[in-house]
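Data block below; observations after.
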Amino acid sequence: MRIQTETNETCLNTAAFLAPLNLPALVGDEVTVPASDEAGRRRSPTTAALDAFEEHLKAGGKVEANPDQPKVPYWKAIATELKVSAALLSAKHLQYRKRILALAATYGLEPAPAEPTPMPFADFAVIAVAHRDRELEGQGAEAGASDLAAFSAVMEEIASECDPALDARDVLVSVVTAADAKLAGKSAVFFKEASRALGYLGHWDANEDLPRNPAHLLRYALARSGLSQSKVAKMAGVNQGTLSNWFTGKRGPVEAHFARVNLVESAMDLPIDSATTRFSAWRRQIRPSPVYGSTDYGKAAQWRIHHPYCMHVWSERQEAEFAAFCEFRNAPLNPFGMKRPKGRLGAKTIQMQRDWLASVYGSWTTALHRLQMAGGDMTMALFVFPRMLHERLEFALARDAAAKGAEEGALTKFEIDQIRWVKSLLDPKTGWLTQMPNLAERLVPVTTTDGEVIISEADIARVRADWTGACAAARTAYADMKASNLQHVKVSRDPHEAVRPILLMDNPLSALATLCRGLERDMAGLDPVPLAYASRDAFIIGMLAQVGFRKGTVEAMELDDIFYDETKGKWCLRVPAKRFKNGKSGPYFGKGFGRRHHYERDLMDSHGLYAAIEGYLKAGRRLILGDCETSALFVVSPYERCGLRKQQHSWCEKGRMTTVYLGRLVHGITGKYLRYDVETGAGIPGITSFPGHAIRHILATGVLKQAANDPQLGRADPWYLAADSIQDGVRTVEIYVQYLPRDRQDELMAVLERGLIDV
């Protein structure tokens, strides 16, 4: 039974709570009802239920005892009978517990038979092998490995000869008693290990009266013990922050740390392994960690993440400087006396520019570079000296070489594209830096660690004397810098590399179907909180498999963007064009009076998508958000971090799922359900994991292949169908899809054979 919390009864302190509830006072071992109660004042439902329970005991009943602890009342069974919360009855700081203990002393305890919950043998085998591994930790390495291998082999043998979905107890009893004819002739070791497994199951069944979820179990035991988290952490020798994560369900211990969990069990008077077995099951139903480093580019990116240098923390002056630039570009009214280019910058574009500036400032101030400037000296006015950006490019080359373990690094097109942005700041008419000569006062001399002068006092004086001329000269130098370096740019990331085996399949869409089926299968039997996350993930992946949205669109989606059409009996999307990257001028949304202002699509109920949507919107979303309020469609716990790069420096509405979180999420899901396992043969050969944007490549390629090979589509152009599937144009599909000629290979061979051989 899952613990339900009555916040109106448990969140108040004892003194404030007992008075309005009018609880009975305890005199010795007898329970007396206060006079105010007899006078007819309203009692709480729990008190009334306990009064009825006492009348039942007076008629000859007994208080049920815990099957695992015969001297303790069976709080769960009593709570079920009274239709109240077990946590409320067992809490030491409330009078209910004292009253039930007094009733147990008066009328006696009656042991209740344990009713174990059936467990499929496939699930039991995983937990049993992990438990056996912990048992053998004290033995020698060779002996322990041999015993563990024998136990694992028996579990695998039993699983291969029975239905893994059957109840583990029925399977093991049949094996131990040799009731199945298939078991004739098995070795003594086989029956010994099977009996050991049956013993595990009997021991664990005794704890089934406790909550299934490990976080619920720990909170229940904490309330029952009357201890504080800090006290339990001190008694068990565990860090309180770690223990807090276990209590809230945000994190769980790995198998190697289960010895610490046993100490926590002992501190809170829990049966041995009651929490560890639940943590084993819990870890199998949560999302795995994302799989990074599967490609050369991924390995290099992982190296960069672990070797940061960006200057994210800016001074007030630097923040004000960038805010002035953003106001210049996006304010409804142009600052007086200034000219600006057409168009506004989107929030994502501004964030990209700020992140790049943080990277440039970091490269100038880090000890890894030879400049080593002070952080307070950073200003956008330094771009008036092209040599400073050249130093940045040299640093980028060195970083790329170190990340890839190569002798020579390579520039990326992104770095060269930023030269274009800096050049736009120096435009003679609309450039922001050109119209901000006061920034010249913030310039300081710059030298290298070996004494080379990059910016001298004379250079600064020259720039201050003729700011407009200096900006014009720098703009010309940047144009030459971009033209000279653009031809040496190296494309180090192949967007198709992670999903190439899927794109080469006859039907790439089958991989997405496998993904959705796996998510649908693993939603069965979960507790409410894991089910909330599972339904959210199944909703996202099921939707992406049909519409192929970009990460930015998924992040920007609001709760009103999806609705249920009673007439059609379908869930429908109606997403404003402004949420799309190409929503303003893309070919899918058009231009002028004929343009589409919304993206509209009916979702198919494939692989449990409708069930996931309903489960997420009705209950899951609120469970994830807690007390947080947001209009975002896809949400995360407001207390979770945003991603590996710690996006606290980026804009992030509390509770909204960010693109970084979504990227990690899709990496983890694809790694779990599609990653190729050499031992079992499961998954797709060549696949480790891939990001959400790769789903667009798979969707476009799959639609194109299916349309090109389906004669029933008539005059529909396969290329336009593929473009419509990802809300883009044919030019984009031509970039996404590279393997259609391979699909026409059979027809080409038939033509050649007819022309060369059948002459």
Side-chain angles (χ1 to χ4, degrees), residues 292-312 314 351-375 377-426 433 444-456 459 473-495 497-498 644-645 649:
Y292 291 105
S294 57
T295 63
D296 291 340
Y297 176 83
K299 294 174 182 177
Q302 186 75 351
W303 183 91
R304 295 186 182 98
I305 289 173
H306 291 291
H307 296 79
Y309 66 94
C310 296
M311 196 183 86
H312 288 299
W314 292 2
Q351 186 58 54
M352 289 176 60
Q353 291 174 351
R354 191 190 191 285
D355 290 343
W356 183 74
L357 279 177
S359 176
V360 173
Y361 291 168
S363 64
W364 290 341
T365 57
T366 180
L368 303 174
H369 193 36
R370 63 176 190 156
L371 293 184
Q372 298 184 26
M373 299 176 62
D377 295 337
M378 295 299 100
T379 172
M380 294 173 68
L382 288 168
F383 288 125
V384 79
F385 297 103
R387 176 66 185 275
M388 294 297 295
L389 192 56
H390 180 78
E391 292 290 332
R392 156 69 183 185
L393 296 180
E394 286 187 344
F395 179 76
L397 283 173
R399 288 269 301 179
D400 187 72
K404 297 177 180 177
E407 296 181 359
E408 185 180 48
L411 290 175
T412 63
K413 193 171 186 300
F414 176 78
E415 290 288 351
I416 303 302
D417 285 342
Q418 295 310 304
I419 299 178
R420 175 181 56 81
W421 177 61
V422 174
K423 189 162 68 76
S424 70
L425 298 177
L426 301 169
L433 275 179
V444 295
V446 179
T447 59
T448 64
T449 53
D450 55 4
E452 181 183 358
V453 178
I454 304 297
I455 301 176
S456 65
D459 294 332
R475 178 179 171 86
T476 302
Y478 282 128
D480 295 339
M481 184 185 299
K482 179 181 178 183
S484 300
N485 292 316
L486 186 61
Q487 57 185 328
H488 299 290
V489 167
K490 181 180 179 181
V491 179
S492 59
R493 175 181 174 268
D494 181 0
E497 184 176 1
L644 289 176
R645 294 185 184 274
H649 308 292

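By convention here, the first residue in the shown sequence is residue 1.
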Donor-acceptor contacts under 3.5 Å from residues 480-491 side chains, at least two apart:
from: Ser484; atom 1: OG; to: Asp480; atom 2: O; distance (Å): 2.8
from: Asn485; atom 1: ND2; to: Met481; atom 2: O; distance (Å): 3.0
from: Gln487; atom 1: NE2; to: Ser484; atom 2: O; distance (Å): 3.4

How many angstroms lie between NE2 in His307 and CG in Leu368, if you round to the nearest 0.5 Å? 9.0 Å

Within-4.5 Å side-chain heavy-atom neighbours: Met380 and Tyr361: yes

Tell me, please, which residues at least two apart from Tyr478 pass ring-ring contact (aromatic ring centres under 6.0 Å, His included). none

Tell me, please, which residues at least two apart from Asp459 pass side chain to side chain contact (heavy atoms under 4.5 Å, CB included). Phe385, Ile455, Ser456, Arg462

For residues Leu371 and Thr448, determine if any side-chain heavy atom of one lies less than 4.5 Å from a side-chain heavy atom of the other. yes

Please round to the nearest 0.5 Å and tell me the distance separating atom CZ of Arg420 and atom CG of Leu425. 11.0 Å

Between CG on residue Leu357 and CE on residue Met311, distance to nearest 0.5 Å: 9.5 Å

Report the distance from atom CD of Gln418 to atom CE of Met352, rounding to the nearest 0.5 Å. 6.5 Å

Assess, by modelled atom type and distance only, whether the side chains of Ser359 and Tyr309 contain a donor and an acceptor separated by less than 3.5 Å. yes

Measuring from atom CG of Leu433 to atom CZ of Phe383, what distance do you get when rounded to the nearest 0.5 angstrom? 8.0 Å

Check Ser363 against Arg392 and note the closest heavy-atom contact, atom names and distance. OG-CD, 3.6 Å

Can you tell if the side chain of Leu382 reaches within under 4.5 Å of the side chain of Trp364, non-hydrogen atoms only? yes

Could you work out, with side chain to side chain donor-acceptor pair (under 3.5 Å) as the rule, every residue matching Thr366, not counting sequence neighbours? none

Between the main-chain N or O of Met378 and the side-chain N or O of Trp314, is there a donor-acceptor pair closer than 3.5 Å? no

Residues in side chain to side chain contact (heavy atoms under 4.5 Å, CB included) with Ala403, at least two apart? Ala300, Trp303, Arg304

Under 3.5 Å, side-chain donor or acceptor atoms of residues 405-413 against the rest of the protein: list the pairs with distances, not counting sequence neighbours.
from: Thr412; atom 1: OG1; to: Glu415; atom 2: N; distance (Å): 3.4
from: Lys413; atom 1: NZ; to: Asp417; atom 2: OD1; distance (Å): 3.3

